[in-house]
Amino acid sequence: FHLDIKPENILITESFHPVLIDFGGHANEVSDETSKILRSGEYTPIEQLEGEGNTGPWSDLYALGVTLSRVITGTKLPEATARLRNDQWEPLVDRDELTSRYSSRFLASIDAACVVCESDRLQTAEEWLARLNEEDPTFSEWIEPLDIKNESKSDPVGGSPLREEP
């Protein structure tokens, strides 16, 4: 797992494919102690902030869910520690301004990734994809591995929806 998914670590290619970069926090390259101290504000799940936290693929799904939430709402979520005490999160699927633009299944899947407690959150990318496929079985047909060797990457994306405009 990556352990540092956030908008700054996603490049968009010229053909608009996202590419994840910066594997400095990758679980196979750092100790458990080091992985717990990688912090990226609201993108860092609670288990990564705890000394005895149980990090895994679900930790990356939290960060990806928070990233997608930020992209489609334009607003930051509070950090996980603040959400643990008093979660003011309004599920995306309950927001009228979003349900008119995105499918309920898509929004609910992001909500399921943004759950603070890791045991209640989506656990694998396959689980997330299965939730999306329940609505549209052809969804996975347009998801394919990207061959970035033959595609030039754009700058970490001024004007991309993954970055705030200055």
Side-chain angles (χ1 to χ4, degrees), residues 1-30 35 38-48 55-80 89 91-93 95 97-116 118 121-166:
F1 32 97
H2 189 278
L3 297 177
D4 198 23
I5 295 176
K6 57 187 174 184
E8 294 83 2
N9 286 342
I10 301 172
L11 295 177
I12 305 298
T13 67
E14 290 175 358
S15 59
F16 302 103
H17 288 99
V19 177
L20 188 59
I21 63 166
D22 189 6
F23 286 82
H26 188 276
N28 292 334
E29 297 178 16
V30 296
S35 73
L38 291 170
R39 293 179 177 219
S40 293
E42 72 269 20
Y43 306 102
T44 306
I46 193 73
E47 65 271 15
Q48 199 169 323
T55 58
W58 48 88
S59 306
D60 285 344
L61 295 182
Y62 180 86
L64 181 58
V66 172
T67 297
L68 290 171
S69 173
R70 177 84 185 264
V71 168
I72 65 175
T73 66
T75 59
K76 285 181 158 186
L77 260 72
E79 291 191 18
W89 169 258
L92 300 177
V93 74
R95 300 182 195 187
E97 73 277 10
L98 297 177
T99 57
S100 63
R101 295 173 42 208
Y102 303 99
S103 76
S104 294
R105 179 75 58 190
F106 176 64
L107 295 172
S109 74
I110 295 171
D111 290 337
C114 292
V115 172
V116 176
E118 71 268 20
R121 182 183 316 142
L122 292 172
Q123 297 294 295
T124 66
E126 292 82 9
E127 184 181 348
W128 196 335
L129 187 57
R131 285 184 182 223
L132 293 170
N133 281 334
E134 288 174 11
E135 180 177 316
D136 181 1
T138 63
F139 182 79
S140 60
E141 291 177 12
W142 56 267
I143 298 177
E144 56 188 60
L146 176 63
D147 179 11
I148 61 172
K149 295 175 189 168
N150 297 320
E151 185 170 358
S152 63
K153 297 179 263 320
S154 61
D155 180 30
V157 199
S160 160
L162 296 177
R163 288 229 177 239
E164 281 186 36
E165 293 298 324

Just jot down the salt bridge (Lys or Arg N to Asp or Glu O under 4.0 Å) partners of Glu118, sequence neighbours excluded, or say none.
none
Taking all non-hydrogen atoms of both residues into account, name the closest pair between [X] and [Y] and its distance.
{"X": "Arg121", "Y": "Val116", "answer": "NH2-O, 2.7 Å"}
{"X": "Gly65", "Y": "Ala113", "answer": "CA-CB, 4.0 Å"}
{"X": "Asp60", "Y": "Ile5", "answer": "CB-CD1, 3.7 Å"}
{"X": "Ala80", "Y": "Thr44", "answer": "CB-O, 3.6 Å"}
{"X": "Asn9", "Y": "Asp4", "answer": "ND2-O, 2.7 Å"}
{"X": "Leu61", "Y": "Ala125", "answer": "CD1-N, 4.0 Å"}

Interatomic distance, CD@Glu42 vs OG1@Thr75, rounded to 0.5 Å, equals 9.5 Å
CD1 on Ile110 to CG on Leu68, rounded to 0.5 Å:
4.5 Å
What verdict does the side chain to side chain contact (heavy atoms under 4.5 Å, CB included) test give for Tyr43 and Leu77, after you've listed the backbone C-alpha separation in whole Å, the side-chain angles of each residue and the deciding distance to 0.1 Å?
CA-CA 8 Å; Tyr43 306 102; Leu77 260 72; over 6 Å; no
State, with a plain yes or no, whether a side-chain heavy atom of Thr73 is found less than 4.5 Å away from one of Arg95.
yes
Do Trp89 and Ser69 have side chains that approach each other closer than 4.5 Å (heavy atoms only, starting at C-beta)?
yes
Say whether Ser59 and Glu47, considering side chains only, have a donor N or O and an acceptor N or O under 3.5 Å apart.
yes
Take Arg101 and Ile72 through the test side chain to side chain contact (heavy atoms under 4.5 Å, CB included) and record every step on the way to the result.
CA-CA 10 Å; Arg101 295 173 42 208; Ile72 65 175; 5.6 Å; no
Measure from NZ or CZ of Arg105 to the centre of the six-membered ring of Trp128 and say whether it is under 6.0 Å with the direction within 45° of the ring axis.
no
Side-chain donor or acceptor of His17 paired with backbone N/O of Leu11 under 3.5 Å
no
Set out, in order, the CA-CA distance, both residues' side-chain angles and the distance that settles side chain to side chain contact (heavy atoms under 4.5 Å, CB included) for Leu129 and Thr124, then state yes or no.
CA-CA 9 Å; Leu129 187 57; Thr124 66; over 6 Å; no
